[in-house]
Asks: 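Quick one: the structure is below, questions incoming.
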Amino acid sequence: MMRGGAGRVGRWEVMLGVVVAIWTLSIVVLADLHPEPRQPHYPEPRQSPNLEPRQLHIPKSRQPDEPELHQSHISKPHQQHNFRPHQDYPQDSRYLPHHQSTTQNEQYRHGLKSLDFVTQPRGQHAATYNQAEQDLDGNMLTLHSYNENDYVEQNGKKHNTSILKKSSHRERSIELHVNKVNGSSSLEEIIHSVVIEGKFGEDIKEDINKTSEYLFEFIYNATELKSSAVRVTVSSPLSGYTYPLLVVVRQQRGVLSWQIPLEPPASTQILKEYFTVSHTLCPVKNYKVSYEGSLDTTQRLFIDVSTSSPSNLSYTVRADFKDDFFIELDRERFFNVTPAEPVFYEFKFPKDVDMVLVKVIADDDFCAMVAIQNITCPVFDSEENVEFGNSYQTMTSRAGITVRKLDYPNGLYVVVVMLSSDEACSSSFQHVYQGRKKKGEIKIEEKITQLEYLAAIFAGLGYCALFYIVTLILACISYIRSKRKQPRERSLLDDSILGTPEDLNFSDPSPSYGANDTSADNPSLPRTASDSSLDEDDIDMLTDAESDKDIFRTKTFLYVSDLARKEMRVLTKKSQLYIWGLLTVGVFYGVPVIQLVITYQRVLDETGNQDLCFYNFWCAHPLGPLSDFNHVFSNIGYILFGVLFVVVCARQNHRHTRAAQIDYKIDKYYGIPQHFGIFYAMGGSLIMEGLLSACYHICPNNSNYQFDTSFMYVMSVLSMLKIYQTRHPDINASASATFVTLAVAVLLGVIGVLSRNLLFLIIFSMIHVVSCLLLSCYIYYMGRWKLDMGLFMRMKAWCLSEFSDWRQICRPMYCDRMVLLLLGNAANWCLAIYGIVTTPKDFASYLLVIFLTNLLLYIAFYIIMKLRHSERLLLQPLVYLVLCLLGWSAGIYFYTQHTTTWELTPAHSRQYNQECVLLHFYDTHDIWHFLSAGAMFFGFMLLLTLDDDLAQTPREKIPVF
C-alpha cells in the first residue's frame, strides 16, 4: 500500500511537471514573438507587501495587422497617474484620471480593473499608450492598447468597431485596465474616453458620468483668427457642487479650466447657481514663450469634459468664432455678461493716436469689474484673478479708464467681469432674487491732442494773467494820478489818498461823544495818555492800565480812538506774528501731505487699483506721473491770486509807511489803523489752499479730504479776525491763540471723518454751542469778560443790579453788538441741530460750512452797520463786492454739479462722472476752482478797501460795532 500510494504521488508529480514545462515554454515563445519595449526610467519603487505584479492581459481579438503591443509594469505607490502618449499623439494632450467607475460598469475579469479610452484615429494606426503605474492607494494599473479594428469590450459585451464607424463620430477604443487590490481581492472596471471631432458653431450634446470622459477636438486655420477669437461655451443644467462637471480647454500654448456650476470665491455668498460657463480664449499667438518659434498654421483645440457623478449628466459643448473681438476707435461694442460669462476685447492704437479713453456704460447697477490688460496671455477674466491685470476698477453703471499708448505700445485687452455679488460696489446694498446679467456697451474715444492740451493749459494761465494785467494797469493809473497831484478816489492799489504830502487835506477833528482824551481839542499835539513807551504785555500787567481799559472799553458809545490806544509798533509786530505762524504751520503741514499723496499715486500705479482715488474718469487727463493733471493744474488760480494779493498788500503797506513817515498824524489820528500782518497771512493761506488742494486732487479720497479744506478754515478765521481788528485794534486775538483754535478745529475734523457717529456729533455740537456763547461774552464786553472763579459772583451782582430796575432788563447796554451776537448764535444753534439730525457723512465740509456761515454773517453785519452809521461804500469796494458775489454764485453752481463724491463707494461715485465741458480739458469742478479762486481774491480785496472812505475821518468819529 505504501509503494502503491507513493507511485500514485509520483505520477501526479510527473503530470504537474509536464504542465509547468509546457506553460514555461509558452511564455518563452510569446516573449520571443513580442519583445518588450524600452521602459521609461523611474526611481526604484517601494514594494507593497500585499501587492504582487500581474501579467499584462492581452485581448484575444487583436488582428494580425495590428501594431505591436507595448506594455510595462511600474510600481509607484505614492505618486499620481501619469499616462504618457505615443509620439503620434499630440504632445500637449493629457488625460486626467480623476474618476471612478460605477457599479453597473464593474467587470470582474482575471482580477483586473479595465479602463477604456476611445480616441479619434490619427493616420492608419491607433495611438498606443505604453505606461501603467500604481495610484495613490498602491493599486496596480495595467494598460492595454489596440487599434480601431479591434473588438471593444464594454459593459461585459464585445462590440465590433464597425458599429462605432456607423455613429456620427469616428472613434476608436483604448482599454486601460486598472488593477485595484484590496487585501486578497481585486476588481476590474472600465472607464470610457471618447474623442469627438467638433465643428464650430454647432452644439454637441452628450451624457456623462464617472465611467466616461469626453475629449472634443476642434481644428481651425490660425489665419482665421486675424480678426476674431474662439469662444467656448459649456452648459450642464443637472450638475451640482457635490459632483460638478469639470472642463479643461487646451490649446497649443495654453490651458483653461473651470467647473459647472460655477463656484464663486470662498468669501462670497452663493446667491445663484450658474450652469452655463462661457469664456473667450486668448489667441495662441499672444502667449509669452521662452523660446523663439512659429505657431502651427493648423491649430487644434481640445475640450476635455469629465465628472465624478455616479449618475448621468447631460451637457452641451459649443465653440464659436467671435467676430466682434476687435474694437475700433469711436465705435460701440455691446456686451452681455454674467458671473460665469465674462468678455474681453482687443484694441490696438492707430498710428496717430497717443491716448484714449475706454468708456463702459451699463443699463443696470449690478456690480462688475472693468480691467485693462496688456495683449499677453493668459487673460485674467475671472472674478478670482481679474485684479491681477494692469489696471482695474469696479463699476455699476459707468466706468472709464484713460490709457496711454506709451504704456500699451502693442495694444490692450478690455475685460468686463460681472461679480457674483454687490459687496465690492456697495457694502449695504445687494441684489437678491434677480438674475445677474449685465448689459452695456464699450466705447473707446480718442483723448485730446497735444496741441489741445497746451491750449487748455495756456487758457488757464491766461485767465490768471488777466487779473495781473488789470492790476498792473490800475497801478499805472494810480501812479500817473499821484504825479499829477490830482485828488482822487482810492484805486485798486491805493490804501489811502495820503500817498503824497500835497494830497493831505485834514479837517479839524471834533471830540467824540463821552471821550476823556484831553488832546482831542488839539490834534497837532501828541496824546499824553498814549502808551507808546510801554509794551503790550507791560500794559496788561499794570493795575492802572487795567482800570484804564475799563474806563474806555465799557462806555456806552465807543469809537476807534478808544480801542486804538496801544503803540502802533507793538500792534504791527503782533500782527506780523500771523505771517510766521502761517509759514510754520504751512511747512510742517504741507510736507507730510506731499509725501502722502505721492505715495498714493505710486500705489495706484503699482497695483492698478483705480478704486483708491475718486477721479472724474471721463475727464481725467494724465501728464507724467499724475493720473489726473487737469484737476491738479486748475488749482493754479489759488496760488497765483494769493501771490497777487500779497503783492498788492506789500505795495499798500509801502505807500502807507511812506505817508506816515512824512506826517505821523496819518498813522495815529486818522482812518482805520493799518495792520497788514493778517492780510499777508490771508494771502499766504490762499497760496497754501492752492498747494494742498492740488495735493488732494492727486488722489482724492475721504482719507485726505481734510487737506483740501484745512486752509479754508484758516482763511475764514483770519478774515473774521481782520474784520474785528478793523475797529478793535487793541483787543484782537493773538496769533498763537488763533492757530491753537484752528488746530483744535482740524483735530475735530479728523475725528469726525474717522468716527461718523451720533455720539461724536452730540459732543461736537455741545462744544460748538458753548464756544459760541463764551466768544459772544468776550465780544460783547470788549475783552473785559473773564472766565474765572469769580464769574458766579459777578453774575450774582449783575442780576441784583439788573432786577433792581425791571424796566432796564430787556434793554441791552450795547444794542448793535447784541443784535449781531443774537443772529450769530441763532445761526450756530441751527447748524448744530442740523448736524445732529442729519449726521452728515462729509464732516469736513460740515465744519467748513460753520466757518463760512459765520464769516458771511459777520461781513453782512459789518456792511449793514457801516451804512447805518452814514458811512459809504466807494466804487472800488462796491465793484469788488459785486464781483465776489458773482464769482461765488457761479462757483457754487458748478460745485454742486458733482462729478464724483467720496461719500459713496468708488463704483457709485463713478455714476457722477461727466464729460469735459470746457476746451475738452476742464470739467465743472475745474471751473469751480478758477471761479472760487477769483471770488476769494475779490473778497480779500473787498476787506482791504472796505473802509477807504474813512481815510480822512478822525478816529474819534469812527464808531465801533
Side-chain angles (χ1 to χ4, degrees), residues 203-206 208 216 229-250 254-282 301 303-307 309 313-320 322 324-325 334-345 360 362-371 373 378-389 392 394-396 413-425 430-440 442:
D203 292 337
I204 304 177
K205 298 181 180 180
E206 297 290 343
I208 192 173
F216 299 91
V230 176
R231 188 169 180 87
V232 175
T233 304
V234 182
S235 61
S236 179
L238 300 180
S239 58
Y241 289 112
T242 304
Y243 299 109
L245 188 72
L246 305 179
V247 181
V248 179
V249 180
R250 292 177 283 131
V255 177
L256 181 64
S257 63
W258 63 82
Q259 72 174 47
I260 302 176
L262 182 69
E263 185 174 2
S267 59
T268 304
Q269 182 182 2
I270 300 177
L271 301 177
K272 180 179 176 58
E273 295 181 349
Y274 299 95
F275 300 100
T276 300
V277 179
S278 179
H279 284 275
T280 302
L281 305 184
C282 186
L301 171 67
I303 304 175
D304 184 277
V305 181
S306 60
T307 184
S309 174
L313 298 178
S314 60
Y315 67 95
T316 303
V317 175
R318 182 185 178 93
D320 297 281
K322 189 176 180 61
D324 59 350
F325 181 64
F334 297 93
F335 64 86
N336 293 315
V337 293
T338 67
E341 301 177 75
V343 297
F344 69 92
Y345 301 92
V360 183
D363 301 331
D364 51 71
D365 59 349
F366 287 108
C367 187
M369 192 85 75
V370 179
Q373 301 177 18
V379 176
F380 303 112
D381 63 344
S382 66
E383 188 173 353
E384 294 84 356
N385 60 18
V386 67
E387 297 180 359
F388 298 159
Y392 62 92
T394 55
M395 70 162 291
T396 52
Y413 285 140
V414 182
V415 184
V416 181
V417 177
M418 187 173 184
L419 305 183
S420 56
S421 69
D422 296 318
E423 296 177 1
C425 296
Q430 189 76 246
H431 289 90
V432 294
Y433 307 113
Q434 296 185 26
R436 297 187 64 84
K437 187 173 183 179
K438 196 173 191 68
K439 297 180 180 180
I442 300 175

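Heavy atoms only: backbone and side chains are in, while hydrogens, waters and symmetry mates are out. This is a predicted model, so every value here is computed, not measured.
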Asks: Roughly how far apart are Gln373 CD and Cys282 SG, rounded to 0.5 Å?
Replies: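 So the CD of Gln373 and the SG of Cys282 are separated by 9.0 Å.
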Asks: To the nearest 0.5 Å, what is the distance between SG (Cys367) and CD (Glu423)?
Replies: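 Reported to 0.5 Å precision, the distance equals 9.5 Å.
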Asks: Give, for atom OG of Ser382 and atom CG of Leu256, the distance between the pair rounded to the nearest 0.5 Å.
Replies: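 Nearest 0.5 Å value for the OG-CG distance: 8.5 Å.
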Asks: Would you name the heavy atoms of Leu245 and Val305 that are closest together and state the gap between them?
Replies: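 Heavy atoms only, the tightest pair is CD1-CG1, 3.5 Å.
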Asks: Return the set of residues passing ring-ring contact (aromatic ring centres under 6.0 Å, His included) with Phe335 (not counting sequence neighbours), or none when no residue passes.
Replies: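 ring-ring contact (aromatic ring centres under 6.0 Å, His included) check on Phe335 returns nothing, list empty.
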Asks: Under the ring-ring contact (aromatic ring centres under 6.0 Å, His included) rule, collect the residues that match up with Phe344, sequence neighbours excluded.
Replies: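 Counting only residues at least two positions away or on another chain, Phe344 forms a ring-ring contact (aromatic ring centres under 6.0 Å, His included) with Phe325, Tyr413.
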Asks: State which residue, out of Asn336, Thr338, Asp364, Asp363, fulfils the side chain to side chain donor-acceptor pair (under 3.5 Å) condition with Lys438.
Replies: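 Only one of Asn336, Thr338, Asp364, Asp363 forms a side chain to side chain donor-acceptor pair (under 3.5 Å) with Lys438, namely Asp364.
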Asks: Looking at every non-hydrogen atom in both residues, tell me the closest pair between Cys425 and Met395 and how far apart they are.
Replies: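 Minimum heavy-atom contact is SG-O, 3.5 Å.
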Asks: My understanding is that only residues two or more places apart in sequence, or in another chain, count here; which of them pass side chain to side chain donor-acceptor pair (under 3.5 Å) with Thr280?
Replies: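 Thr280 satisfies side chain to side chain donor-acceptor pair (under 3.5 Å) with Arg231 only.
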Asks: Parallel under 30°, tilted from 30 to 60°, perpendicular over 60°: which one fits the rings of Trp258 and His279?
Replies: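 Answer is tilted, since the angle falls between 30° and 60°.
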Asks: Would you say that Pro244 contacts Ser239 through its side chain, given a criterion of any heavy-atom pair below 4.5 Å between the two side chains?
Replies: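 The answer is no, as the side chains (C-beta and beyond) never meet within the 4.5 Å cut-off.
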Asks: I want to check something: taking the side chain as every heavy atom from C-beta on, are Val415 and Phe380 in contact at a cut-off of under 4.5 Å?
Replies: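 SC-SC contact between Val415 and Phe380 ruled out.
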Asks: Determine the minimum heavy-atom distance between Ile208 and Ser306, stating which atoms define it.
Replies: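 Looking at all heavy atoms of both residues, the closest pair is CD1-CA, 3.6 Å.
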Asks: Does Asp324 reach the side chain of Tyr345, with side-chain heavy atoms less than 4.5 Å apart?
Replies: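 Side chain of Asp324 against side chain of Tyr345, heavy atoms only: contact under 4.5 Å found.
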Asks: Should Tyr274 and Glu341 be marked as a side-chain contact (heavy atoms from CB on, under 4.5 Å) after you check the CA-CA gap, both sets of side-chain angles, and the distance that decides it?
Replies: CA-CA 9 Å; Tyr274 299 95; Glu341 301 177 75; over 6 Å; no
Asks: Measuring from Lys437:NZ to Met418:CE, what's the distance to the nearest 0.5 Å?
Replies: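 Here the rounded value is 10.5 Å.
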Asks: Is there side-chain contact between Val247 and Val277, with at least one heavy-atom pair below 4.5 Å?
Replies: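 No, side chains not in contact.
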Asks: Using the side-chain contact (heavy atoms from CB on, under 4.5 Å) rule, pick out the option among Asp381, Val379, Val386, Val337 that qualifies with Pro342.
Replies: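 Among the candidates, only Asp381 passes.
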Asks: Compare all side-chain heavy atoms of Glu273 with those of Tyr241 and state whether any distance is below 4.5 angstrom.
Replies: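 Yes - at least one pair of side-chain heavy atoms lies under 4.5 Å apart.
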Asks: Looking only at heavy atoms, what is the nearest atom pair of Ser314 and Ser236, with distance?
Replies: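 Closest heavy-atom pair between Ser314 and Ser236: O-OG, 3.2 Å.
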Asks: Go through Asp320 and Arg318 one step at a time and tell me if the salt bridge (Lys or Arg N to Asp or Glu O under 4.0 Å) criterion holds.
Replies: CA-CA 7 Å; Asp320 297 281; Arg318 182 185 178 93; 2.9 Å; yes
Asks: Does Val232 reach the side chain of Leu301, with side-chain heavy atoms less than 4.5 Å apart?
Replies: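 Of all side-chain heavy-atom pairs linking Leu301 with Val232, at least one is under 4.5 Å.
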Asks: Start with the C-alpha distance between Ser235 and Ile260, add both sets of side-chain angles, then the distance that settles side-chain contact (heavy atoms from CB on, under 4.5 Å), and finish with yes or no.
Replies: CA-CA 7 Å; Ser235 61; Ile260 302 176; 5.7 Å; no
